[in-house]
Peer 1: 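Sharing a structure, written as structure tokens. Questions coming.
Both backbone and side-chain heavy atoms feed into the values below; hydrogens, waters and symmetry mates do not. Whatever order the structure lists them in is the order used to number ligands and atoms, beginning at 1.
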Amino acid sequence: MQNWRSELNRLCLLLAVAAITGYAVGHVSWVMLISLCVYYLYNLYQLRRFNLWLNRDSSESDSEPPVSFGLWGDIFDGIYRLQKQERRANSYLASIIDKAQESSAALEMAFVMINKQGNLDWWNFAAEKLLGLQHPKDRNQSITNLIRNPSFSEYFHSENYDETLKMEAPGESSKILEFQIALFGENERLMIVRDITQLHRLESMRKDFVGNVSHELGTPITVIKGYLEAILDNLDALDEKWHKPMQQMQQQSMRMENIVRDLLMLSSLETKGLTKTQDVIDLNGLFSEIESDTQQMFKDKAHTFELVCPTALSVVGKRSEMYSAISNLVVNAAKYTAAGGHIKLSANKGANSLDITVQDNGIGIESHHIPRLTERFYRIDGSRSSDTGGTGLGLAIVKHILARHEAELETKSIYGQGSCFICRLPLSRVATSPTGQARSEKETEQI
Ligand code: ADP
């Protein structure tokens, strides 16, 4: 501002001197015109210096501005200061980008940035190792052209990335990769890929181990149970002090048999997938079968059963598995309800789901146990469950079966008043025609 005023003063002084000189020589307008031209030429010269300095070679980009004074000096200094600030900000940003790139290159996880057209924008070194991407050749290539796998395309276009995708690495079937995508910005995606081959191997070893052990235990348990039954049939021949131990041994061998049976069931649910063609299950028929089997099992308790199901309501799924899931819930309801209880089994088709509900007026469950009920071997009270022959695997099996049918289990309970277990099946599982999707017995057995 100060320099601006001095410049104005300088111009006024120039014009005043020109006017006096012009008056003295008798050519006021000429002298003033010549002075203005000189002033104009001076400014033109400064503009040229300014232009030359601005367009200087990049090698001397940090060279100092030409020496000048007054308003022009101010302009040169101001621009030089701004340039220095910008250079500092740029080098700070560049150092951050370098650090981010160096650290992402050191990671074993692959990071891939994909633009809104689904083309590759940027990726780290691990992405080249895991996915075979080539720099810079693959830049701007469509990701679904580079990873040619139908499950990947389906996952990528689904835009529902709550779950991860596990599949073989492109061109390397021995490697298992886990893909996770996050949306950001304007429909851009960050894809994170992990090599989970080792984890996958351990997981299948675990499943095989559980399956094999359960299978191997089956025969010895059957033999032990057989002998115990024979001994108990001739209990009178035994000294009385052995009566109780023998009965307890039989009880525990039955528990062992139940555990092995449930473990085998879980292991087969984990290792075998559902076939595409499935059964059309008439819910009324299924409910009646479960009711009569459970009543038979708990004759002594004399519970009353209430079945509520719209006529001709059928679902598509594997009948033996749906029987097992619902029956597990109904048997639990009967087990954990005192004699003379009321058990209601109902089906209700709502706006978003088909709900199959098992409700009892039994002992109920304290709320803090509810989130853990479907964990394997989780039992609220060990002694209570062993009294009832429980294994702690029933609800884990229910959860697995429901997940295979894209369904979920919801549990509500009031301690001391009763419990309510709701299986929420998607409406896509409701059969449109009672026979339309039925499949042969042979196909069922293959699963
Ligand atoms: P278990 O074979 O022990 O019954 P589950 O996995 O079927 O194992 O159930 C886990 C635990 O949840 C049971 O031990 C029991 O304490 C509790 N539970 C399940 N169903 C009910 C119910 N209807 N009422 C009260 N408690 C229940």
Side-chain angles (χ1 to χ4, degrees), residues 210 214 217 221 248 251-270 287 290-291 293-298 300-308 320-347 355-405 407-424:
V210 173
S214 317
L217 283 176
I221 291 171
Q248 276 180 350
Q251 212 182 359
Q252 291 307 320
S253 69
M254 266 155 64
R255 252 195 91 212
M256 249 169 14
E257 193 181 36
N258 289 344
I259 292 175
V260 167
R261 183 205 57 218
D262 284 355
L263 277 175
L264 273 174
M265 171 93 180
L266 266 174
S267 152
S268 104
L269 287 173
E270 275 182 332
F287 284 7
I290 291 172
E291 182 211 346
D293 290 352
T294 318
Q295 254 180 349
Q296 186 65 24
M297 236 189 280
F298 292 89
D300 310 344
K301 285 196 152 182
H303 292 313
T304 51
F305 283 80
E306 183 187 348
L307 304 188
V308 182
S320 55
E321 289 188 10
M322 286 307 286
Y323 174 92
S324 177
I326 302 170
S327 158
N328 254 311
L329 296 176
V330 177
V331 168
N332 272 352
K335 264 198 298 193
Y336 301 111
T337 300
H342 181 77
I343 294 161
K344 184 175 168 187
L345 175 57
S346 59
D355 298 345
I356 297 175
T357 308
V358 181
Q359 198 171 355
D360 63 59
N361 60 350
I363 54 177
I365 305 162
E366 284 164 293
S367 58
H368 65 273
H369 290 297
I370 292 179
R372 301 196 57 193
L373 287 182
T374 54
E375 284 173 23
R376 283 169 197 214
F377 296 110
Y378 187 81
R379 275 170 290 165
I380 292 173
D381 172 351
S383 62
R384 185 172 101 186
S385 275
S386 45
D387 285 351
T388 57
T391 62
L393 292 167
L395 291 179
I397 292 176
V398 174
K399 189 182 160 194
H400 252 81
I401 294 176
L402 292 183
R404 282 154 73 86
H405 291 79
E408 280 176 3
L409 180 69
E410 194 188 321
T411 309
K412 294 177 190 168
S413 187
I414 300 176
Y415 188 55
Q417 290 187 28
S419 312
C420 176
F421 289 83
I422 308 167
C423 310
R424 287 197 201 289

Peer 1: List every atom of ligand 1 that sits less than 4.0 Å from any heavy atom of Ser419, numbering the atoms from 1 in the order shown and giving each element.
Peer 2: 22 (C), 24 (N), 25 (C)
Peer 1: Quick check: closest heavy atoms across Thr391 and Phe377, and the distance to 0.1 Å?
Peer 2: O-CD2, 3.5 Å
Peer 1: Can you give me the closest heavy-atom contact between Glu270 and Arg376, atom names plus distance?
Peer 2: OE2-NH2, 2.7 Å
Peer 1: Closest heavy-atom contact between Ile326 and Phe287?
Peer 2: CD1-CE1, 4.2 Å
Peer 1: Just jot down the ligand 1 atoms closer than 4.0 angstrom to any heavy atom of Thr391, in number order.
Peer 2: 1 (P), 2 (O), 3 (O)
Peer 1: Examine distances only and state if a side-chain atom of Thr374 and a backbone atom of Ala396 form a donor-acceptor pair shorter than 3.5 Å.
Peer 2: no
Peer 1: Give the atom numbers and elements of ligand 1 that come within less than 4.0 Å of a heavy atom of Ala333.
Peer 2: 23 (N)
Peer 1: Identify the heavy atoms of His369 and Ile380 that sit nearest to each other, and give their distance.
Peer 2: NE2-CG2, 3.6 Å
Peer 1: Please say whether Gly364 places an N or O atom under 3.5 Å from an N or O atom belonging to ligand 1.
Peer 2: no
Peer 1: At a 4.0 Å threshold, what atoms of ligand 1 neighbour a non-hydrogen atom of Arg379?
Peer 2: 3 (O), 14 (O)
Peer 1: Under 3.5 Å between any N/O of Leu395 and any N/O of ligand 1: does that happen in this structure?
Peer 2: yes
Peer 1: Which heavy-atom pair separates Ser419 from Gly364 by the least distance, and what is that distance?
Peer 2: OG-CA, 3.5 Å
Peer 1: Select one of side chain, backbone, both or neither to describe which atoms of Tyr378 lie under 4.0 Å from any atom of ligand 1, heavy atoms only.
Peer 2: backbone
Peer 1: Looking at ligand 1, does Lys335 have a heavy atom less than 4.0 Å from it?
Peer 2: yes
Peer 1: So if I count the atoms of ligand 1 from 1 in the order they appear, which ones are less than 4.0 Å from some heavy atom of Ile365?
Peer 2: 25 (C), 26 (N), 27 (C)
Peer 1: Would you mind running through ligand 1 and noting each atom that sits below 4.0 Å from a heavy atom of Ile380?
Peer 2: 14 (O), 16 (O), 17 (C)
Peer 1: Quick check: closest heavy atoms across His303 and Ala334, and the distance to 0.1 Å?
Peer 2: NE2-O, 3.0 Å
Peer 1: If you measure every N or O of Ile363 against every N or O of ligand 1, does any of those distances drop under 3.5 Å?
Peer 2: no
Peer 1: Could you tell me whether Asp360 approaches ligand 1 through its side chain, its backbone, both or neither, with non-hydrogen atoms closer than 4.0 Å?
Peer 2: side chain
Peer 1: Just by distance, no angles: are the side chains of Arg261 and Asn258 close enough, under 3.5 Å, to form a donor-acceptor pair?
Peer 2: yes
